[in-house]
Engineer: 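This is the structure, below, for whatever I ask next.
In what follows, every heavy atom counts, from backbone to side chain, and hydrogens, waters and symmetry copies are set aside.
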Amino acid sequence: MKTSTTFLDSFTNWEKQWRYSPDKAFRLERVRYTLEYLGHPERKFPSVLVGGTKGKGSTVAMLASILKEAGYNVGMFSSPHLINIRERIKLGGRDISARDWRVILAELEKCLKNNPVPARFGRVTYFEALTLAAILFFAKKGVDIGVFEVGLGGRLDATNALDPLVSVLTSVSLDHRELLGNTLRKIASEKSYIMRTGKRTVIGPQAPEALRVFRARAKKIRAFNFEAGRDFACGGVR
């Protein structure tokens with residue numbers, strides 16, 4: 001059996017690449033295919049999905065902390081890590097234990113070996129493997145809710161395989177233009193895909209161009225926006 005580090009290092013880690021094609025790096029089909037084989041662990045707990053440009057990690061941490069203090073058993077997935085990769089997956093505010101880490105990755109390794117993703121979808125990536133591990137872990141631990149940070153963009157990000165109860169969009173600005181587009185409209189469009197039909201999206205302070213994109217997406221898919229400056233005050237915005 002490979003060590004957890006060796007297993008993860010066998011996947012392409014696009015976080016360490018300077019240039020790459022998003023269509024090659026990101027394929028939701030890989031994540032959805034594996035989740036189906038695992039019995040859809042993502043359906044065993046409600047989730048919150050946080051995307052945007054600025055403040056994603058802080059928002060995820062604050063939401064997880066608030067929910068924990070309210071008495072919920074909370075799973076939290078974020079990226080990147082500072083020192084130890086186990087920082088990315090937390091249960092009740094604590095990093096996943098070394099033992100649970102080994103067990104979950106061993107189960108994921110067995111799954112991918114016994115039921116490899118079809119070649120037409122491409123090979124599972126490092127971030128996708130981590131996302132799958134977090135979902136599987138939270139399902140096994142019976143969390144009351146999982147709070148997930150989008151890795152990059154939204155439309156093709158591995159976390160978008162979830163069906164969140166609530167989506168959150170923090171402030172959007174020009175980021176990863178080589179991957180998401182060179183205008184605020186294009187970038188906001190990529191991030192808007194974490195919104196869900198018939199469900200609420202909490203939208204933080206936005207530039208007018210980004211807000212127009214989010215409102216248009218909500219209207220198209222019949223989602224419900226709860227907007228900073230219109231529905232609540234946020235950071236001085238009223």
Side-chain angles (χ1 to χ4, degrees), residues 1-16 28 30-50 56-117 123-152 157-166:
M1 177 66 67
K2 300 176 184 177
T3 65
S4 58
T5 301
T6 302
F7 169 61
L8 284 175
D9 287 344
S10 69
F11 299 107
T12 301
N13 186 351
W14 295 111
E15 295 175 13
K16 295 183 178 181
L28 272 178
R30 295 190 288 255
V31 180
R32 288 171 174 160
Y33 179 87
T34 305
L35 289 173
E36 182 176 5
Y37 179 78
L38 289 168
H40 288 293
E42 80 284 6
R43 297 178 183 175
K44 295 180 180 179
F45 58 88
S47 60
V48 177
L49 189 53
V50 181
K56 288 186 301 177
S58 299
T59 300
V60 165
M62 286 188 286
L63 282 173
S65 179
I66 291 168
L67 289 165
K68 177 178 177 292
E69 290 303 312
Y72 292 97
N73 182 24
V74 185
M76 174 181 148
F77 177 67
S78 61
S79 61
H81 59 279
L82 295 177
I83 299 173
N84 191 310
I85 193 170
R86 290 190 287 112
E87 296 169 21
R88 298 193 186 201
I89 302 175
K90 297 182 185 294
L91 180 67
R94 296 179 180 273
D95 297 351
I96 181 174
S97 70
R99 180 183 181 281
D100 284 334
W101 175 251
R102 290 192 298 270
V103 169
I104 287 297
L105 288 186
E107 183 168 344
L108 182 59
E109 180 181 8
K110 181 179 179 181
C111 165
L112 294 175
K113 180 179 179 180
N114 293 342
N115 189 57
V117 173
R123 195 165 181 270
V124 170
T125 68
Y126 184 88
F127 183 78
E128 289 166 353
L130 286 172
T131 303
L132 288 163
I135 293 171
L136 185 59
F137 177 62
F138 296 157
K140 286 184 173 296
K141 291 298 182 179
V143 300
D144 297 317
I145 191 164
V147 184
F148 287 75
E149 178 184 358
V150 174
L152 190 151
D157 191 80
T159 60
N160 206 30
L162 295 162
D163 185 22
L165 182 66
V166 178

Engineer: Counting only N and O atoms by type, is there a donor-acceptor contact under 3.5 Å from the side chain of R88 to the main-chain atoms of P80?
Structural biologist: no
Engineer: Identify the two heavy atoms, one from K44 and one from G39, that lie closest to each other, and give their separation to 0.1 Å.
Structural biologist: CE-O, 4.3 Å
Engineer: Yes or no on side-chain hydrogen bond (donor to acceptor under 3.5 Å, both in side chains) for N115 and Y33, after CA distance, side-chain angles and deciding distance?
Structural biologist: CA-CA 9 Å; N115 189 57; Y33 179 87; 3.3 Å; yes
Engineer: Strictly by salt bridge (charged side-chain N to carboxylate O under 4.0 Å, His left out), give each pair with a member in residues 62-87 just once, sequence neighbours left out.
Structural biologist: none
Engineer: side-chain contact (heavy atoms from CB on, under 4.5 Å) with L91: which residues, sequence neighbours excluded?
Structural biologist: N73, F137, K141, V143
Engineer: Between CG of L130 and CD1 of I85, what distance do you get to the nearest 0.5 Å?
Structural biologist: 4.5 Å
Engineer: Which value, rounded to the nearest 0.5 Å, describes the distance between L162 atom CG and R43 atom CZ?
Structural biologist: 11.5 Å
Engineer: Could you check whether any side-chain N or O of D157 sits under 3.5 Å from a backbone N or O of G151, counting only pairs where one atom can act as donor and the other as acceptor?
Structural biologist: yes
Engineer: Can you tell me how far apart CG (D100) and CD1 (I89) are? Round to the nearest 0.5 Å.
Structural biologist: 10.0 Å
Engineer: Please name the pair of heavy atoms, one in L38 and one in C111, separated by the smallest distance, quoted to 0.1 Å.
Structural biologist: CD2-SG, 3.8 Å
Engineer: Parallel under 30°, tilted from 30 to 60°, perpendicular over 60°: which one fits the rings of F148 and F138?
Structural biologist: perpendicular
Engineer: Taking atom CD of E109 and atom CZ of R102, what is their separation to the nearest 0.5 Å?
Structural biologist: 14.0 Å
Engineer: For E42, which residues count as a side chain to side chain donor-acceptor pair (under 3.5 Å) partner, sequence neighbours excluded?
Structural biologist: H40
Engineer: With sequence neighbours excluded, what pairs up with S65 under the side chain to side chain donor-acceptor pair (under 3.5 Å) test?
Structural biologist: none
Engineer: If you compare all heavy atoms of A161 against all heavy atoms of L28, which two are closest, and at what distance to 0.1 Å?
Structural biologist: N-CD2, 3.7 Å
Engineer: Take L132 and L35, measure what side chain to side chain contact (heavy atoms under 4.5 Å, CB included) needs, and give me the verdict at the end.
Structural biologist: CA-CA 7 Å; L132 288 163; L35 289 173; 3.7 Å; yes
Engineer: List the residues meeting side-chain contact (heavy atoms from CB on, under 4.5 Å) with S58, not counting sequence neighbours, and say none if there are none.
Structural biologist: M62
Engineer: V147 versus L67: any side-chain heavy-atom pair under 4.5 Å?
Structural biologist: yes
Engineer: Grab the two heavy atoms, one from F11 and one from Y126, that are nearest each other, plus how far apart they are.
Structural biologist: CB-N, 3.4 Å
Engineer: Using 0.5 Å steps for rounding, measure from the CG atom of L108 to the OG1 atom of T34.
Structural biologist: 7.5 Å
Engineer: List for me each residue that meets side chain to side chain donor-acceptor pair (under 3.5 Å) alongside S78, sequence neighbours excluded, and say none if there are none.
Structural biologist: none
Engineer: Please determine whether side chain to side chain contact (heavy atoms under 4.5 Å, CB included) holds for the pair I135 and F45, giving the CA-CA distance in whole Å, both sets of side-chain angles, and the decisive distance to 0.1 Å.
Structural biologist: CA-CA 9 Å; I135 293 171; F45 58 88; 4.3 Å; yes
Engineer: Considering non-hydrogen atoms only, spot the tightest contact between F7 and L105 and give its length.
Structural biologist: CE2-O, 3.7 Å
Engineer: Could you go through the side chain to side chain contact (heavy atoms under 4.5 Å, CB included) check for V124 and L112 one step at a time?
Structural biologist: CA-CA 9 Å; V124 170; L112 294 175; 4.2 Å; yes
Engineer: Can you measure from OG1 (T131) to CD (E149) and round to the nearest 0.5 angstrom?
Structural biologist: 10.5 Å
Engineer: More than 12 heavy atoms of other residues, nucleotides or ligands under 6.0 Å from OH of Y37: is that the case?
Structural biologist: yes
Engineer: Check A158 against V31 and note the closest heavy-atom contact, atom names and distance.
Structural biologist: CB-CG2, 3.8 Å
